[in-house]
Amino acid sequence: MADRQNDAAARIKAAAKEGDWTQPRAMAIPKEGYFELEKGRYGPIFPKTPANYGFTIIAKIKPGREEAVRAHGMTLQTAVDGKPDCLETLKLHYLRWQVFPIEGALYFMYQGIIDTDFDKYTEDAVMIFTSLGVDTVFTNLEGFPEDWKTNPEAFIKFVREHHHPSFVEYGEYPFVSAVEIKKALRIKQSLSEMLDSMQ
Amino acid sequence: MLEFDDIQHMLLTRAPAITGRYEFLSFGTPAQGRAWLRRVLPIVQSAAAATASVDSEKRWVSVAFTWNGLRAVGVDEGSLASFPAEFREGMVARARMLGDTGANHPDNWVGGLASPDLHAIAILFARSEEERGRCVKEHDAFLAETHGVKVLSSLDLEATPPFDHAHDHFGYRDRLTQPEIEGTGVEPSPGSGAPLKAGEFILGYDDELGPVHGLPKPDVLSRNGSFMAYRRLQEHVGAFRDFLRQNAATPDEQELLAAKLMGRWRSGAPLVLAPDRDDPALAADRQRNNNFDYGKMDPLGYAIPLGAHIRRMNPRDTAANINRRRMLRRGATYGPPLADASPEDGRERGVAAFVLCASLIRQFEFAQNVWINDKDFHELGNERDPIIGTQDGTFEFKIPKRPIRRKITGLPAFTTVRGGAYFFLPGLRALRWISELGL
């Protein structure tokens with residue numbers, strides 16, 4: 001089973017290197033979240049999958065803080081409306097924030113699909129979220145370090161400890177970065193403008 | 001207020017030296033290590049002392065320790081555990097993340113630098129070869145009297161001619177971009193950004209985010225200290241020149257290709273300001289040679305390719321959080337110069353440099369891991385830093401050009417890491433504190 005998984009992973013890795021987006025792909029991932037342990041600056045590096053890189057942070061919400069957590073949805077929207085490129089550095093495709101109950105308690109789930117491995121821009125993510133005021137969503141979560149404002153390392157540790165890696169990921173157009181997608185759409189737009197101008 | 005009389009000189013000043021020597025040391029017992037430190041301590045200058053005596057001084061000495069070295073001189077376990085994990089692990093343990101693989105792997109390092117027995121470095125910068133000789137003799141003499149202190153290896157530094165400006169063996173002008181520190185009174189050159197908070201480089205001061213927590217204990221040990229990443233980078237001058245000849249037809253085109261790899265002409269003139277031909281007057285003019293950005297002036301890399309060395313080492317306005325990533329650089333070239341017309345002679349030459357910062361993981365390791373060796377930096381897909389990245393012939397270098405870019409495949413390695421280590425450069429009070437442990 002493990003061999004089969006590793007073989008399949010090797011094939012997908014080769015396809016990722018080629019940047020072959022033509023064929024949809026799925027990748028099953030071992031429990032640890034990686035095939036072989038490769039250490040980044042802060043911990044294991046999670047592999048590039050057909051759905052690129054990503055993270056899923058799940059943490060328990062402090063009692064009575066649900067509304068405070070939900071209010072941060074608008075904080076993020078306002079920040080991006082005001083400065084659409086404010087999250088550019090993070091090389092994001094999508095962010096998703098959810099609140100859900102488990103056995104009477106509420107949990108916050110924060111998923112991101114990104115184009116660079118989770119380890120690389122961790123500090124930038126912390127800094128950007130701080131500058132946008134979005135970071136305070138974390139203060140509503142249990143276990144979040146009290147001194148997070150002055151202790152970015154503790155912030156990073158919290159994020160690392162609450163990350164739950166995927167065990168399968170799928171991509172309809174695998175390995176393609178957000179930049180490449182935007183480039184392709186821009187070319188399409190330019191082509192139609194060119195065709196319009198020839199009418 | 002910076003404590004100039006406590007901070008080791010090399011953090012804040014640059015000695016007018018043309019030679020020097022690094023000695024890599026190993027201590028037998030803690031008492032032997034401390035006895036050596038007590039002997040050398042009187043000649044380790046502070047920034048204040050070095051500034052006051054710069055016209056008459058002939059040599060400048062600094063001392064720094066590895067984490068194993070701090071233990072070897074008797075620093076207690078509680079204090080040792082308070083140092084950051086990356087420093088405790090050391091550069092060898094972090095090699096894969098840093099990109100030190102293949103020929104750059106610590107297994108191939110020289111001079112005992114990958115050994116856990118490496119405890120300290122004594123850094124000498126000297127105004128003349130004669131003065132270096134005198135200092136080495138003096139050090140040898142007191143090593144002979146100080147039992148149990150072994151020199152694992154040493155490296156002689158030699159500036160490469162012409163001496164009127166600092167440059168490496170490839171001929172690139174060096175020391176053009178250095179962050180300036182608030183409180184030193186040095187004005188950054190135009191385009192270099194505002195002075196940075198001292199805590200970005202020196203422990204015990206506010207950094208760009210404010211007060212810093214979690215510094216190594218006790219305070220007397222960490223205050224006015226800094227972390228240093230040492231890198232001994234061999235430069236393959238013959239291979240570099242062959243590459244230019246093979247990939248560019250005329251001498252002018254070879255110069256342009258060399259400039260594209262670096263982002264500056266070898267004179268130092270930046271391609272953003274001098275895209276088509278070299279401009280030595282611009283290169284030498286501190287008011288102009290750094291006054292450019294990328295986001296507005298060269299977003300697509302038509303002047304400086306997106307993967308060029310200087311665009312990676314300081315992405316300026318195209319990186320977030322840039323003030324938390326800056327580093328001070330010190331060091332020098334070593335080995336004999338290779339004359340212009342000479343073929344590769346097989347002798348080792350290169351750059352032996354220190355990166356100084358308050359956080360190795362946030363500053364040095366980020367630069368190494370992301371800016372230098374991330375093949376997807378700026379969405380480049382399959383590139384690493386063409387000058388100091390880990391190259392094995394499988395990466396490329398793209399030069400944006402109208403109408404069609406140029407892509408050079410199979411880029412060879414122009415440099416090889418021959419050694420490296422993480423050191424802690426304590427302040428003078430801390431050195432005294434260490435030297436008196438157990439007394």
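Quick note: numbers below take in every heavy atom, side chains included, and nothing from hydrogens, waters or symmetry partners.
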Rounded to the nearest 0.5 Å, what's the gap from [atom1] on [X] to [atom2] on [Y]? Could you check?
{"X": "A:I156", "Y": "B:I361", "atom1": "CD1", "atom2": "CD1", "result": "7.5 Å"}
{"X": "A:D117", "Y": "B:N369", "atom1": "CG", "atom2": "CG", "result": "7.0 Å"}
{"X": "A:M127", "Y": "B:E208", "atom1": "CE", "atom2": "CD", "result": "11.0 Å"}
{"X": "A:Y42", "Y": "B:M97", "atom1": "OH", "atom2": "CE", "result": "10.0 Å"}

Practice prompt. Locate the shortest heavy-atom distance separating A:S177 from B:E379; write the atom from each residue and the value.
Written response: OG-OE1, 3.0 Å
Does [X], at its [atom1] atom, have more than 12 non-hydrogen atoms belonging to other residues, nucleotides or ligands within less than 6.0 Å?
{"X": "B:I404", "atom1": "CD1", "value": "no"}
{"X": "A:K60", "atom1": "NZ", "value": "no"}
{"X": "B:R88", "atom1": "CZ", "value": "yes"}
{"X": "A:E88", "atom1": "CD", "value": "no"}
{"X": "A:M194", "atom1": "CE", "value": "yes"}
{"X": "A:W21", "atom1": "CH2", "value": "no"}
{"X": "A:Y173", "atom1": "OH", "value": "no"}
{"X": "A:E146", "atom1": "CD", "value": "no"}

Practice prompt. Answer with side chain, backbone, both or neither: which region of B:E365 has an atom nearer than 4.5 Å to a non-hydrogen atom of chain A?
Written response: both
Item to complete: Using non-hydrogen atoms and a 4.5 Å limit, figure out which bit of B:R96 sits close to chain A: side chain, backbone, both or neither.
Response: side chain
Worksheet item: With a 4.0 Å cut-off, would you call B:E86 and A:R41 a salt bridge?
Response: no
Discussion item. Apply side chain to side chain contact (heavy atoms under 4.5 Å, CB included) to residues B:R325 and A:E123 and explain how you reach the verdict.
Written reply: CA-CA 10 Å; B:R325 308 289 193 196; A:E123 300 120 340; 2.7 Å; yes
Practice prompt. Side-chain contact test, heavy atoms from C-beta onward, threshold under 4.5 Å: evaluate it for B:N321 versus A:Y121 and give yes or no.
Written response: no
Can you say whether [X] sits under 4.5 Å from chain B via the side chain, the backbone, both, or neither, judging by heavy atoms?
{"X": "A:T116", "result": "side chain"}
{"X": "A:D124", "result": "both"}
{"X": "A:K120", "result": "both"}

